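Below is one structure, written out as structure tokens; the observations come after it.
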Amino acid sequence: MIFVTGGAGFIGSNFVLDWIEQFDEPLINLDKLTYAGNLENLTSLQNNPRYTFIQGDLGDRELLDRLLNQYKPRAVLHFAAESHVDRSIHGPEDFIQTNIIGTFRLLESACTFWRYLDQPEKSRFRFLHVSTDEVYGTLSKTDLPFTEVNPYQPNSPYSASKAASDHLVRAWHHTYGLPVLTTNCSNNYGPYHFPEKLIPLMIVNALAGKALPVYGDGLQVRDWLYVKDHCKAIHRVLESGKPGETYNIGGWNEKTNIEIVRTICSILDRLRPKVDNSRYDAQISYVADRPGHDRRYAIDASKIERELGWRPDETFETGILKTVEWYLAHPEWIVNIQNGSYRNWINKNYEARS
Ligand code: NAD
Ligand code: DAU
């Protein structure tokens, strides 16, 4: 049994779906179902006996203790977080509560559970913390990509809260011996990505004939990784990573934001040409920059390749095509988010179970 937090979000739901498809081992998913949690992503698992969903908050220590003692997982995989940089700028409070206090509560609960395990379960137990490359701060054009020994220099409330959580995880290993693993990953994209982030927002807005808002000069660089590759990397770290170590995960795919937006537009021109034959890139609109906007992120993912044999399977070209195709094939998923009805899936889910 593995215990996942945040499994109704973008990366978490991809991970949960892949896990249940590939392995017999049961999985329990604890998720608060904030605006970013979408049970519609997981409807295919509704009656699967290997999958259990619990709606709950990381901050609820009593619930965490009860679940860990009841299900006795061999690992905790911690995806749950407030994850959107722009939201953290407008309202940092939830980021502090979930990313810092929530991670602290989960560490405390996991550590208490782990401490009283008998061998060999105790040596086998892992706490895997899913984190971000943003903790390292920003790079100039000529800087080398981030390695695991780069100093932490977070610049946004989001990245500062994730950095704090990474430090807590590290301290619970060094002080209490909790067998932790930390992954710091670059920008993900793929199915079930909430349309507030760059790639899904551009696809959804383009199809709706709306403006494609590019912040500042659009020349900021991100290193893009197809979400399924991230899920495979997390699995590899869980099975073979060394407790106390951190692993950078990235796609070796540095692109400027404007390149990304233009690529999406040209795929849509081909797959869903507009009736008036105009081009999607005519919808591009440069808007005010994000405050404190990090200029460039790039991950050096050679440690995980060298030590654990992981490398991404997708190139950006194959991954972005699959992603656009997924959004074109799932218009109802987009509509349910836009009209808010995705939030009713908790009721539908419980109805289906009773
Ligand atoms: P997301 O925002 O799509 O999903 C977060 C999930 O966590 C949601 O289902 C939400 O309901 C849940 N959640 C939020 N607060 C909670 C709480 N207090 N208790 C329980 N559940 C709660 O996020 P994502 O993009 O899937 O990211 C997952 C993790 O990966 C995060 O830790 C993020 O920092 C990290 N990460 C994301 C990316 C990326 O590009 N998206 C890249 C690197 C690392
Ligand atoms: O690097 C990993 C991080 O990537 C994760 O830790 C975060 O959870 C995830 O949200 C993501 O953060 P970014 O801020 O890089 O992602 P976002 O999709 O919000 O923005 C990507 C880039 O695109 C960034 O430079 C800002 C820009 N942008 C974004 C939006 C939403 C635009 O130009 N216009 C937009 O409308």
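Note that the structure is a prediction, hence the values are computed from the model and not measured. Residue numbers start at 1 and run along the sequence shown. Counting starts at 1 for both ligands and their atoms, following the listed order.
In terms of N/O distances under 3.5 Å, ligand 2 is approached by E134. Geometrically, ligand 1 and N188 share a nitrogen or oxygen pair separated by less than 3.5 Å. Looking at ligand 2, you'll find an N or O of N257 within less than 3.5 Å of one of its N or O atoms. Looking at ligand 2, you'll find an N or O of Y158 within less than 3.5 Å of one of its N or O atoms. Where the criterion is an N or O separation shorter than 3.5 Å, residue side chain and backbone included, C185 fails it with respect to ligand 1. Checked against a 3.5 angstrom limit, the closest N/O atoms of H78 and ligand 1 fall outside it. Considering backbone and side-chain N/O of S83, one or more are found under 3.5 Å from N/O of ligand 1. Checked against a 3.5 angstrom limit, the closest N/O atoms of S186 and ligand 2 fall outside it. At a 3.5 angstrom cut-off on N or O pairs, P213 counts as close to ligand 2. Taking any N or O of G9, backbone or side chain, at least one lies under 3.5 Å from an N or O belonging to ligand 1. Annotation: T34 places an N or O atom under 3.5 Å from an N or O atom of ligand 1; distance criterion only. Of the polar atoms of L30, none of the N or O atoms is found under 3.5 Å from an N or O of ligand 1, judged by distance alone.
Residue contact annotation: T5 has no non-hydrogen atom under 4.0 Å from ligand 1. At a 4.0 Å cut-off, at least one heavy atom of H293 sits close enough to ligand 2 to count as contact. Not a single heavy atom of S13 sits closer than 4.0 Å to an atom of ligand 1.
Under a 4.0 Å criterion applied to the non-hydrogen atoms of N187, ligand 1 contributes the atoms 40 (O). For ligand 2 and E196, the ligand atoms under 4.0 Å from any heavy atom of the residue are 31 (C). In the vicinity of D133, heavy-atom distances shorter than 4.0 Å reach the ligand 2 atoms 1 (O), 2 (C). Listed by number with element, the atoms of ligand 2 under 4.0 angstrom from any heavy atom of H84 are 19 (O). Under a 4.0 Å criterion applied to the non-hydrogen atoms of G37, ligand 1 contributes the atoms 8 (C), 9 (O), 11 (O). With ligand atoms numbered from 1 in the order given, ligand 1 contributes 31 (C), 32 (O), 33 (C), 34 (O) to contacts under 4.0 Å with heavy atoms of K162. In the vicinity of K197, heavy-atom distances shorter than 4.0 Å reach the ligand 2 atoms 10 (O), 18 (O). Per-residue contacts place D57 under 4.0 angstrom from the following atoms of ligand 1 (heavy atoms of the residue considered): 17 (C), 18 (N), 19 (N). Here is the list of ligand 2 atoms found below 4.0 Å of a heavy atom in T132: 1 (O), 2 (C), 3 (C), 5 (C), 6 (O). Each of the atoms 36 (O) of ligand 2 lies under 4.0 Å from some heavy atom of L201. Every atom of ligand 2 with a heavy atom of V214 under 4.0 Å away is listed here by number and element: 33 (O). Of all the atoms in ligand 1, the ones that sit under 4.0 Å from a non-hydrogen atom of S186 are 42 (C), 43 (C). In summary, the atoms of ligand 1 found under 4.0 Å from a heavy atom of V130, numbered by their order in the structure, are 30 (O), 32 (O). Residue contact check: K32 has heavy atoms under 4.0 Å from atoms 16 (C), 17 (C), 18 (N), 19 (N), 20 (C), 21 (N), 22 (C) of ligand 1.
In this structure, atom 20 (O) of ligand 2 lies nearest to the protein heavy atom R290 NH2, 3.8 Å. For atom 16 (O) of ligand 2, the nearest non-hydrogen atom of the protein is N187 ND2, 3.5 Å.
Taking OG of S131 as the start and CG of D166 as the end, the distance is 3.5 Å to the nearest 0.5 Å. If you take CG on D65 and CG on L63, they are separated by 9.0 Å, rounding to the nearest 0.5 Å. In this structure, CG in N41 is found 4.0 Å from OG in S13, a value given to the nearest 0.5 Å. Taken to the nearest 0.5 Å, the OG atom of S83 stands 9.5 Å off from the CZ atom of F194.
With respect to E307 and K242, no salt bridge is recorded, no charged nitrogen being found less than 4.0 Å from a carboxylate O. Ion pair K303/E148 not flagged as a salt bridge, since none of the NZ, NE, NH1 or NH2 atoms sits closer than 4.0 Å to an Asp/Glu carboxylate oxygen. Residues K274 and D276 are not paired through a salt bridge, judged by the lack of any N-O separation under 4.0 Å between the basic side chain and the carboxylate. A salt bridge does not link K228 to E21: none of the charged nitrogens lies less than 4.0 Å from a carboxylate oxygen. Checked for salt-bridge contact, D86 and K197 miss the test: no charged N lies under 4.0 Å from a carboxylate O. Between E254 and R296 a salt bridge is recorded (basic side-chain N to carboxylate O distance below 4.0 Å).
The proximity of L33 to ligand 1, defined as any non-hydrogen pair under 4.0 Å, is limited to the backbone. Contacts between L198 and ligand 2 below 4.0 angstrom, taking non-hydrogen atoms only, involve backbone and side chain alike.
E305 has its side chain out of reach of W310: every pair of non-hydrogen atoms, C-beta onward, lies at least 4.5 Å apart.
Side-chain contact, R61 with T112: a donor N or O sits under 3.5 Å from an acceptor N or O.
Taking each of S131, S88, S83 in turn, the one with a heavy atom nearest to atom 10 (O) of ligand 2 proves to be S83. Between S131, G59, G56, it is S131 that holds the heavy atom closest to atom 44 (C) of ligand 1. Of all the listed residues (Y158, Y192, Y297, F194), Y158 holds the heavy atom that lies closest to atom 33 (C) of ligand 1.
Ring orientation note: the planes of F113 and F125 are nearly perpendicular, at an angle over 60° on the 30°/60° scale. In this structure, W326 and H330 have parallel ring planes: the angle between them is below the 30° cut-off, well short of the 60° mark.
Between H230 and F15, the ring center distance fails the sub-6.0 Å criterion. Remark: aromatic rings of Y189 and F316 are close, center separation under 6.0 Å. Taking the six-membered ring for Trp and the full ring otherwise, F127 and H173 have centroids separated by 6.0 Å or more. Two rings, from Y152 and Y136, have their centers less than 6.0 Å apart.
When Y327, W333, F10 are each tested for a ring-ring contact (aromatic ring centres under 6.0 Å, His included) with H193, only one passes: F10.
Closest heavy-atom contact between N99 and S165: O-CB, 3.2 Å.
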